[in-house]
Amino acid sequence: QRLTGAEKLRPVSNVAVSYDDIRRDNALLGALFLGGFGFTSQLGLNVIYDSALTCTLVGVYIAWYRPRLRWQVWAGGVTFTVIYGVVLVVTGLRYPTFYDDYWNLKELTGIRIAGAPLEEYLFAFTLGVFWAPLFEAWRSERRAETAQRRMEERPSLWGPVWTYPS
């Protein structure tokens, strides 16, 4: 119904998501992640490419399924890449042979950015694409549940100050 427009759209703040819906969606995301990772592992790729493909798959699914989280998908990828990039650069400066000693570089492309393998930045971006919208969705749901619980527990002389729309 949502994709066809048969149901009139409501503002996001008026959309109530039940606990059962959240559990079902989380189980679906877990199954999608594990299934995607299982599928990509059969392609014979390096695990960092498997992880990147799987995180991208789940991020695209989240952006399609929850349109209000689309900007978090891309912003999360960029933000986490920048943060992780700083860690990679500092690590490379502090320990100049770290990547040569501990990475299996012959299995990677050989392209380096600021001393770190390109695949590390790819992984950071795709992990941000995967994790950021999940964090935002779970945080929003917890805040909504907490606000509702507080309002139900707090007595008021003038009736409820705020209630969820029905």
Side-chain angles (χ1 to χ4, degrees), residues 2-3 9-19 21-41 43 45-105 107-150:
R2 182 176 60 163
L3 294 176
L9 296 175
R10 296 179 289 166
V12 173
S13 60
N14 292 343
V15 176
V17 180
S18 72
Y19 181 72
D21 289 341
I22 293 170
R23 287 184 57 127
R24 184 194 67 233
D25 290 350
N26 289 345
L28 181 61
L29 285 174
L32 184 64
F33 180 80
L34 292 174
F37 198 77
F39 172 75
T40 58
S41 68
L43 300 176
L45 300 173
N46 188 313
V47 71
I48 202 160
Y49 298 121
D50 292 340
S51 300
L53 284 170
T54 303
C55 289
T56 301
L57 172 73
V58 175
V60 167
Y61 174 77
I62 291 169
W64 172 79
Y65 189 71
R66 298 270 188 216
R68 71 181 182 88
L69 297 177
R70 283 185 184 151
W71 77 269
Q72 279 97 341
V73 168
W74 303 116
V78 170
T79 302
F80 189 67
T81 303
V82 169
I83 293 168
Y84 194 65
V86 169
V87 171
L88 291 172
V89 169
V90 169
T91 301
L93 292 173
R94 178 71 175 107
Y95 306 102
T97 62
F98 182 76
Y99 299 115
D100 295 325
D101 294 343
Y102 296 102
W103 261 247
N104 189 2
L105 296 175
E107 296 293 324
L108 304 177
T109 60
I111 300 170
R112 293 185 181 214
I113 299 174
L118 170 69
E119 287 78 5
E120 286 299 316
Y121 294 96
L122 172 68
F123 174 73
F125 180 78
T126 58
L127 185 66
V129 161
F130 169 64
W131 181 251
L134 292 181
F135 175 76
E136 179 63 28
W138 292 337
R139 187 182 68 157
S140 296
E141 298 307 327
R142 281 194 207 112
R143 276 191 285 160
E145 289 173 6
T146 302
Q148 183 179 14
R149 188 172 38 254
R150 285 182 182 157

Enquirer: Once side-chain contact (heavy atoms from CB on, under 4.5 Å) is applied, do any residues pair with F123, and if so which ones, sequence neighbours excluded?
Expert: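 For F123 the side-chain contact (heavy atoms from CB on, under 4.5 Å) partners, ignoring immediate neighbours, are I48, S51, L127.
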Enquirer: Rounded to the nearest 0.5 Å, how far apart are CG of L34 and CZ of F39?
Expert: 15.5 Å
Enquirer: Hey, mind stepping through L53 and L57 against side-chain contact (heavy atoms from CB on, under 4.5 Å) and telling me if it holds?
Expert: CA-CA 6 Å; L53 284 170; L57 172 73; over 6 Å; no
Enquirer: Just to verify, what does W103 make a ring pair (Phe, Tyr, Trp, His ring centres under 6.0 Å) with, not counting sequence neighbours?
Expert: F98, Y99
Enquirer: State which residues pass side-chain contact (heavy atoms from CB on, under 4.5 Å) with V89; sequence neighbours excluded, sorted by chain then number.
Expert: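 By the side-chain contact (heavy atoms from CB on, under 4.5 Å) rule, V89 matches L93, A114, Y121.
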Enquirer: Any salt bridge (Lys or Arg N to Asp or Glu O under 4.0 Å) involving residues 108-117? Give me the pairs, sequence neighbours left out, ordered by first then second residue.
Expert: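 Output for this query lists D100-R112.
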Enquirer: V86: which residues meet the side-chain contact (heavy atoms from CB on, under 4.5 Å) condition with it, sequence neighbours left out?
Expert: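 Per chain and number, V86 pairs via side-chain contact (heavy atoms from CB on, under 4.5 Å) with V90.
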Enquirer: Would you please classify the geometry between the W64 ring and the Y61 ring as parallel, tilted or perpendicular, with 30° and 60° separating the classes?
Expert: tilted
Enquirer: Mind checking what makes side-chain hydrogen bond (donor to acceptor under 3.5 Å, both in side chains) contact with T109, not counting sequence neighbours?
Expert: E119
Enquirer: I'd like to check the ring pair (Phe, Tyr, Trp, His ring centres under 6.0 Å) partners of Y49; sequence neighbours left out, ordered by chain and number.
Expert: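 Per chain and number, Y49 pairs via ring pair (Phe, Tyr, Trp, His ring centres under 6.0 Å) with no residue.
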Enquirer: Under the salt bridge (Lys or Arg N to Asp or Glu O under 4.0 Å) test, which residues partner D101, sequence neighbours left out?
Expert: none
Enquirer: Can you list the residues that meet the side-chain contact (heavy atoms from CB on, under 4.5 Å) rule with V58, with sequence neighbours excluded?
Expert: L29, L32, F33, I62, F130
Enquirer: Please name the pair of heavy atoms, one in L105 and one in P117, separated by the smallest distance, quoted to 0.1 Å.
Expert: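 It is CD2-CG, 3.8 Å.
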Enquirer: Can you give me the closest heavy-atom contact between G76 and A132, atom names plus distance?
Expert: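 Here G76 and A132 meet closest at CA-CB, 3.4 Å.
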